[in-house]
Each structure stands twice: as C-alpha cells, then as structure tokens.
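Working notes, structure below.
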Amino acid sequence: MLIDLKEPLNLKETLESGQAHRWRKFNDKYSGVIGGFLVHMQQQGQTLLVDSSSSLHSEDLILNYLRIDDDLEHIYRHINKDERVRTMTSKYRGLRLLRQDPWECLVTFICSSTTNMKRISLMVENMSTYFGSKLTLGSDSRYTFPTSEDISNSNEKTLRKLGLGFRAPYVLSCGIKVQTGELNLNQLLEETYSNAKQQLMLLRGVGPKIADCVLVFSLDKLEAFPIDVWVKRALVDWYFPQQTPPSNQNLLKWANEYFGQYAGYSQQYLFHGRRLLDSPPTD
DNA sequence: TTCTGCCCTTGGCA
DNA sequence: ATGCCAAGGGCAG
C-alpha cells in the first residue's frame, strides 16, 4: 500500500521516541504489530510504504495510529513558547504522538517502571511470544500482544519468568480488572482527563507518570504531561536551573499552565531531545 | 495534606 | 568485574 501523506510526518523520530516499544528497524523499514496484524512501514519523503499481513488493513487504520488527524502546525503554534521548544520542534519536525491500543499501552508502561527502554521491549516481546499468535509477513514473523484474557488466566510466577520482576502482580491484577469489566478502558476515552487519570491511578502499579503515559499515548488526552527522569532533567536544566528542583507535582502544574492543552506534545519533544543529548543515536 | 526515604526485580552497561 | 542505572510506585513515618 502506498499512502500519500498530506501532513508532516517523521516516521523515524515518531517510532524511535520511546512511546511504543514493539517497533524493530531493519534498513529503513520498521516492523511492528498494529490492530492485531504485522505491519511493515517505510517513509520516502511524503510517501508512506505500508505492507501488512492482513488485506483488511486500511489506510485509515494506519493514519489513525499515526495521529495524522493532529494538525502539527497548529500544535506547534501552541507549544512553541520559548527557544527550547522551538529548537526541538524544528529539529524533530514531524514527530507525532501515536494513538496506541489502551490495554497494550497500559501494560507496557506498567512494565516501564524503574527500567530502561531495551528491557521494556524485552518484557513486551517475551509476553507476546509466550501468549500471542504468530503473524507472518514475508520472512518476518512476530506475535500479537497478549489479551487481558491471556493475562488474567496466567499467574504471577509465569509473568516473573517472562522477566517482569516486581511488576508481575501489577500486570496480573490489571488484566483481571479489565477482563472482569471492573475497568473499562474504552470508556475512559469519553471521560475528562482528570476523571480518567483518577480511575487509572486506582490500579496498583499505576501512579501519576504511568497514568499520564496511558492517557496521552492511547486515550486522546493531549494535555497529559508524563514526568519521568528525562523530562524532569529537561525541565530542571532548562527552566529551573540553580534552584532546588521543584516536586514533580509542582512541575506538572507548571507544565499544564505553561504549555496548555497540547502539553503532551511538548513533553514528547522535550523527552526525545533531552534523551538524545546524553545518548546520541549510533546509526 | 504533602513530602521523604526505602524497598522492589533484573538486564544492560561501563 | 561488580556496582550503578533504568519513561516509577507503594508504603511507613
């Protein structure tokens, strides 16, 4: 499938900015799983080359995942409050937030606690290989992400064996709540940012940071502003130098007022930019 | 109410 | 090699 892009997109920065953890790169092509099917994507200028293991995969499904409906120029006008952000939005122009599956996003970011991006991918791939169904596209094969039913029928020991460590009981409990209907993730789409956040934080293993990740990466709450170590470094270095660092709670309040309704986008550019400052890409 | 310090698993890295 | 770090959160005080 060839998709003629009418909006700015930088596929590389989008898929390599730590929002989603199942994309694998070989040459200029990315392999991942969207909507239960294996997808290969490659960008050539304003053209997106897409190959899928399913003929049912439509252009709309891909564009929806890439949030092509977000008007980036409009968003840049909102978040370009200063030179720092302007530098990042200019350098990584076309970096988009993704619209991921809420369940997969929730489990993935519970797994992100006190670990690094490589190990998040490891945990997610271990779970997919163990629970998922095999997908094939050419010589490439991947596995679907475990369903809440898969997880709820599993147990802590199995999840620990897959490398989740102390996160195992959190993921298990979460799977059970989604499976029983105690937690309805799709309903959170209809709720306000603050109501949805409160409900997510009732889950064990989900605090303000992980709740904000799920809200901004999968539940269309673009005002959510996840503060992790990198974003905190960026804020402290660039906005609050030479003073005792404000608490995360105060930084969150500040960010929501300063960046406004698209704070989530500013967060992603600050995160990506600050992280690459310490560990420049090797390729 | 809000903040602090400590603990939790383990792969990757220097 | 062995200690530190890593897209945090729960809990006690």
Side-chain angles (χ1 to χ4, degrees), chain A residues 13-23 88 92 95-98 100 102 104-127 129-130 154-174 177 183 197-219 221-222 224-237 243-255 263-282:
Chain A
E13 306 300 346
T14 299
L15 298 184
E16 294 183 13
S17 59
Q19 311 176 55
H21 298 83
R22 297 207 65 194
W23 291 102
M88 296 302 168
Y92 302 114
L95 164 56
R96 290 177 175 276
L97 291 173
L98 294 169
Q100 303 183 55
E104 177 173 341
C105 191
L106 176 57
V107 172
T108 299
F109 278 94
I110 288 176
C111 290
S112 76
S113 178
T114 324
T115 190
N116 51 55
M117 305 220 314
K118 280 193 176 169
R119 200 152 84 94
I120 300 169
S121 297
L122 182 67
M123 290 186 266
V124 168
E125 290 308 315
N126 282 348
M127 284 191 287
T129 307
Y130 186 83
S154 185
N155 55 67
E156 180 178 337
K157 192 176 173 185
T158 301
L159 295 173
R160 281 182 179 270
K161 202 174 61 193
L162 296 173
L164 299 209
F166 64 86
R167 308 158 193 86
Y170 298 158
V171 169
L172 178 60
S173 145
C174 193
K177 286 185 176 175
L183 174 67
K197 185 169 182 176
Q198 279 180 27
Q199 290 189 47
L200 287 174
M201 286 178 61
L202 293 175
L203 301 167
R204 281 186 29 236
V206 180
K209 190 271 175 182
I210 290 176
D212 275 337
C213 284
V214 177
L215 291 164
V216 75
F217 297 143
S218 72
L219 291 170
K221 308 293 188 264
L222 299 190
F225 190 90
I227 300 178
D228 72 304
V229 290
W230 292 106
V231 172
K232 181 150 188 173
R233 266 171 218 163
L235 294 181
V236 169
D237 290 354
Q243 59 174 281
T244 57
S247 69
N248 285 14
Q249 198 176 140
N250 286 331
L251 285 175
L252 181 56
K253 260 190 256 177
W254 173 84
Y265 260 100
S266 61
Q267 180 273 354
Q268 199 59 24
Y269 279 89
L270 291 172
F271 170 79
H272 192 55
R274 184 61 183 80
R275 200 169 69 89
L276 293 186
L277 213 59
D278 276 18
S279 49
T282 49

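These numbers come from the heavy atoms of this one structure, side chains and all, not from hydrogens, waters or symmetry mates. What you are looking at is a predicted structure, and each value in this text was computed from that prediction instead of being measured. Just so it is clear: chains get the letters A, B, ... in the order the sequence lines come, proteins before strands, and each one is counted from 1.
For the salt bridge (Lys or Arg N to Asp or Glu O under 4.0 Å) condition, the pairs that include at least one residue of residues 202-212 of chain A, sequence neighbours left out, are A:K197-A:D212. Sorted by first and then second residue, the side-chain hydrogen bond (donor to acceptor under 3.5 Å, both in side chains) pairs involving residues 245-254 of chain A (not counting sequence neighbours) are A:K232-A:N248, A:S247-A:N250.
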Strictly under 3.5 Å: I want the nitrogen or oxygen pairs between protein and nucleotides 1-3 of chain B, one per line.
unit_1, atom_1, unit_2, atom_2, d
B:dC3, OP2, A:Q249, NE2, 3.4

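The distance between atom CD of A:E104 and atom P of C:dA7, rounded to the nearest whole Å, is 19 Å.
The shortest distance between the side-chain N/O atoms of A:R233 and the OP1/OP2 oxygens of C:dA6 is below 4.0 Å. Between A:K232 and the phosphate of C:dA7, there is no side-chain N or O to OP1/OP2 separation shorter than 4.0 Å. In this structure, A:R160 reaches the B:dT9 phosphate: one of its side-chain N or O atoms is under 4.0 Å from OP1 or OP2.
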- Item | Dot-bracket notation for DNA chain B, counting Watson-Crick and G-U pairs under 3.5 Å, with | for partners on another strand | ..||||||.|||||

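Taking atom C1' in both C:dA6 and B:dC7, the straight-line distance is 16 Å, to the nearest Å. Only the C1' atoms considered, B:dT2 is 16 Å distant from C:dG10, to the nearest whole Å.
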- Query: Taking protein heavy atoms under 4.0 Å as touching, what does nucleotides 8-13 of chain C look like 5' to 3' if B marks base contact, S marks sugar-phosphate-only contact and - marks none?
  - Reply: BSS---

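By the 5.5 angstrom centroid cut-off and the 30-degree plane limit, A:W230 is classified as not stacked against the base of C:dA7.
Judged as a side-chain contact (heavy atoms from CB on, under 4.5 Å), and not counting sequence neighbours, the contacts of A:S113 are A:F166, A:R167, A:I210.
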